[in-house]
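Below: one structure, written as structure tokens.
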Amino acid sequence: MQHQPSREPEELEGHLLGLIEGARDQAREDPFRNPVLAVTLAITRRFDRDEISLGDLEGLFVRLRAAALSARAARLRAYVGLEAGPAASQDPQAAIPARLVAAVPERPDAVADFARFIHRTAFAVVFTAHPTFGMPRAVAGLLAEAASLPDEAARAELIARAAKLSTRPDVPITLDVEFEQACAAANNGRLALDAFNGALLDAARARWPDRWTELTPRPFAIASWVGCDTDGRTDIGWWDTLRYRLISKRMQFDRVMRELPEIAACREVRGLAEGALAAVNRQLAVAPRLGDQPSLESVHRFALALIIERDRAQTDASILVAGLTRALEAAEDPADQRRIAILRSGVATHGLSNALPHFRLNASQIHNAVRRVIDLEGEPTDAARRRSHLATIHALLNDVRPVAVDFGALAAERASAARLMMTIAQILKHVDGTHPVRFLIAETETGYTLLAALWLARHYGISDKLEITPLFETASALEQGIRVLDDALRNPHWRQYLKRIGRLTVQFGYSDSGRYVGQLAATFWIERLRLRITEMLVQNGLADIELAIFDTHGESIGRGAHPTSLRDRLAYLAPEDARDRARKAGIKVRLESSFQGTDGYLLYGTEALARASVDRIAEHVYALDVAEDDSFSDYALNDGPREADPADDPIYSEPDFALEFFTAARQDMEALVDDSGYAALLGTFGPSLIDRTGSRPVARQSDNGGPARITHPRQMRAIPNNAILHQLGFLANSLHGIGRAAQRGPDLFRDMRRDSVRFSRAFRLVQHAASVGDLDVLRAYIDTLDPAVWLERARRTQKDFRRDELVVIAGALERLDLASALRSLFGRLTRDWLALTAAAPDLPGMSARLTLLHALRLALIHRIWFLAVHIPGFRPQAGISREQLLERFLRLDIDGCLKLLDEIFPVTPDPTLGLNFGEPAGPRDVGTYAAEHANLFEPIRRMFEQVREISGMIQHEVGAFG
């Protein structure tokens, strides 16, 4: 019989929130009381007395989801600067273009000056696909739509619809799914860029009515690495990458067909686009599907389609741009002219692609590919052999000759880096060769890597079309980054390459740097490296080449995204001091920023959000950087949100404070990462609290089939590392070490918070981390893994059955042997937190609602363990004993355990029963285990689904996944 709800959801929510507040009040008087565990125990007792059922939680979850989603929609709306009320009817996107045009000095060559200025891409939005697809696509769509609406009632209706859906991500999340979502975000981004370019053209037409058609604005671009990122994965075939690039090409031609006016002047362009679109569709018709291991015959068929249809499909946008220019000149209606001019800008910026491609792989893959043709002793990262390695690759570069690339060679190639280079060569040759493509190299820690990549690029004949880009993210790379670039610049081949390509591109990563040295320390080291790169370019006489800086953060503070606003986020990533020094050095800087997975795509989830995001980018780029161009030395937007002169910021006038502060924070974070208790905290049941949120392969398994035991954070990726900290209620990678650093100079620390724009902005990451973290919550999880806590509970319980359960759980936890390391870890975190709160007593605390989610989930975890104790004894199966199975339950490997239990205790009868096999019947299990399934396994499965559901709600409360 189904349990009837004992309380209405609203009443239950109020009751449980009251328990949280009451427990907190009591804990203020009783220092030995953990308010979170106290509420967990209270909820458990209500379960025991049938005052709350699992069914009751479903209605409660709807209310909690609605509250979390409503708050997130409001934050998203405020984050991108969408305004409610009458101001929403105005067009803020027209303001900056009008000011840009109005600020051009009146002189005969003004249009040409402005054209040079606005034809340079100053910012690129890059859609990346790390495993951060933490919510269903339907929920993300409703959330974005709600955030876009100025009417509160309409927003509430959409949130109510979203709250009825699960928070758990879609299954499965394939690379195709990620690509589709990236394309949807890119499409909205392209619409926003069109709107901005249209406003620029409108302002230019008003001022220069006879010459505005000379302008092809390209201030911003859209790019993506989805389908092109092969760093750390082998499941993306070269044919997949080619297919995705063809789809992107088709989308660009679809856009041309959709936006072209139906006038005679466009007949030529329409014919070109129609023919190209048909050819691309024929190529896609024979492209292997995702997950296929195509036969040689299918590869051959695909290759022939790419080659035969090559000319009809077009491989360079110049023909299309020229046709659009002729159409613009022939068109008479102003509206038609405007549409053609906007379309021309989009094609000129993006070539024959919906979004510009970024390719990525690992430095070790570069080294392995070159190792086949070079006699190299030791590893390229060996500092003792640095000079010999550089000399060896220089000699190789002296003699490199390009080789032919065909699809047969590509199909036969086994080395990852060589295969990717050949894939790029074929894309440039057969799909789109309009612009150079980005080639990102993760874990670049030696100049040899850059020179080896250059050799590969020249070997395959694409060095003039490839932007070789080191990723500086690890602690070692942030320290050695300037030496890496300096070693490469000392090589004449690299210098010649940079001058030909016209740009030095560097990538800064925030995920690994943040989790190993702490987010605040990471941003300091990244800024310092950026300043040194600027100095290095000047010293090497390369101030005339563009410096492109790609920040691959995400939307979580654990990945370097500022939590308060997009304005703050952009300023945090590109501090005014660094930009000011580049301006004074005469270096043009192109900024690029990563928007990752569902969280990042939300900022482009509707056209309204995308336009607001582009508005903020435009304010950031042009309100500060207009004076960057030589033609506009007397041209600045003085009424923009320019900050105070960076020279006046005390964080720069007191460099010793900054160095000592961030060094202390880094040292403490590095010590934390090496603490065995930290690995135990992250790895015991943390990975099981979160669903799979991306297409990357599943984490490694142990020999007995369960999840491998984590002995160091480096064994997991940065995003699950961060996500687990969110789920355990203490964001150590944004908080730890700051207390001890502040303690070294508390007065100066307070002064910096008050007077330094740069420091106070960075510290707001700490403030946000504090608002979604609580040591009481973390202690509740740590105590859950402490056998002494369970034995103490057993000593005090009045229920015999519960006493037995508690003792068994305590015994299993003793075998896991985690308590000592976790207690030591908690002491380390607490000491630093006490120092931080002494220095910053105004830090916010975790909300009652988020605290309740943690308490509810702990109560469910405890009940899962109580039921697991009652699993019947069985003979070891596949090397797993009952004791080992219980330990896996304690680590929340619930799916794996239930799968095993389905085999050990089948619910269907033995199909051989009753059949005559011609001999006396042997022993059989004559019954089924329906009771065990109904009373143990199914309740465990349902409760674990609710555990994961709560994890999704916590994700919304925190504001991002990982």
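For the pair R579/R530, a side-chain contact is recorded, criterion being any heavy-atom separation below 4.5 Å from C-beta on. Between L290 and T174 there is a side-chain heavy-atom pair separated by less than 4.5 Å. Counting heavy atoms from C-beta outward, D599 and S556 have side chains that stay 4.5 Å or more apart. K465 places none of its side-chain heavy atoms less than 4.5 Å from the side chain of I427.
Atom CZ of R740 has more than 12 neighbouring heavy atoms from other residues, nucleotides or ligands inside a 6.0 Å radius.
Classification of the W494-Y497 ring pair by plane angle, with boundaries at 30° and 60°, yields tilted.
Under a 4.0 Å N-O distance rule, the pair E413/R419 does not qualify as a salt bridge. Between D893 and R891 there is no salt bridge, since none of the side-chain N atoms of the basic residue sits less than 4.0 Å from a carboxylate O of the acidic one. Ion pairing between a basic and an acidic side chain is recognised when a charged N comes within 4.0 Å of a carboxylate O; R438 and E467 show such pairing. Salt bridge present: R243 and D176 bring a charged side-chain N and a carboxylate O closer than 4.0 Å. The residues E445 and R483 are annotated as not salt-bridged, no charged nitrogen and carboxylate oxygen being separated by less than 4.0 angstrom. Remark: E555 engages R569 in a salt bridge, criterion side-chain N to carboxylate O under 4.0 Å. Taking a cutoff of 4.0 Å between a charged side-chain nitrogen and a carboxylate oxygen, R386 and D382 do not qualify as a salt bridge. With salt bridges taken as basic N to acidic carboxylate O contacts below 4.0 Å, none links R532 and E527.
Ring pair F508/H553: centre-to-centre distance not below 6.0 Å. Residues F550 and H358 place their aromatic rings such that the two centres sit under 6.0 Å apart.
Annotation: the span from R245 atom CZ to S224 atom OG amounts to 7.5 Å, rounded to 0.5 Å. With rounding to the nearest 0.5 angstrom, the CD1 atom of I719 is 5.0 Å from the CD atom of Q596. Taking CG of L451 as the reference point, atom NE2 of H394 lies at 9.5 Å (rounded to 0.5 Å). Remark: I549 CD1 to E592 CD distance equals 10.0 Å, nearest 0.5 Å.
Side-chain atoms of S594 and R559 form no donor-acceptor pair, as typed in the model, at a separation below 3.5 Å. In this model, a donor atom of one side chain and an acceptor atom of the other lie less than 3.5 Å apart for S353 and D432. For the residue pair R495/N540, the side-chain donor-acceptor check at 3.5 Å is satisfied. Side-chain contact of K429 with Q426: a donor-acceptor pair under 3.5 Å is present, judged by distance alone.
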**OP:** Assess whether ring-ring contact (aromatic ring centres under 6.0 Å, His included) is satisfied between F407 and H430, documenting all intermediate values.
**Re:** CA-CA 11 Å; F407 284 103; H430 299 296; 5.5 Å; yes
Subject >> Check against ring-ring contact (aromatic ring centres under 6.0 Å, His included), Y244 and F179 >> reply: CA-CA 8 Å; Y244 289 133; F179 182 76; 4.4 Å; yes
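Remark: D229 engages W225, D231, R360, R696 in a side chain to side chain contact (heavy atoms under 4.5 Å, CB included) (not counting sequence neighbours).
For the pair D832 (side chain) and H736 (backbone), a donor-acceptor distance under 3.5 Å is absent. For the pair Q715 (side chain) and H712 (backbone), a donor-acceptor distance under 3.5 Å is present.
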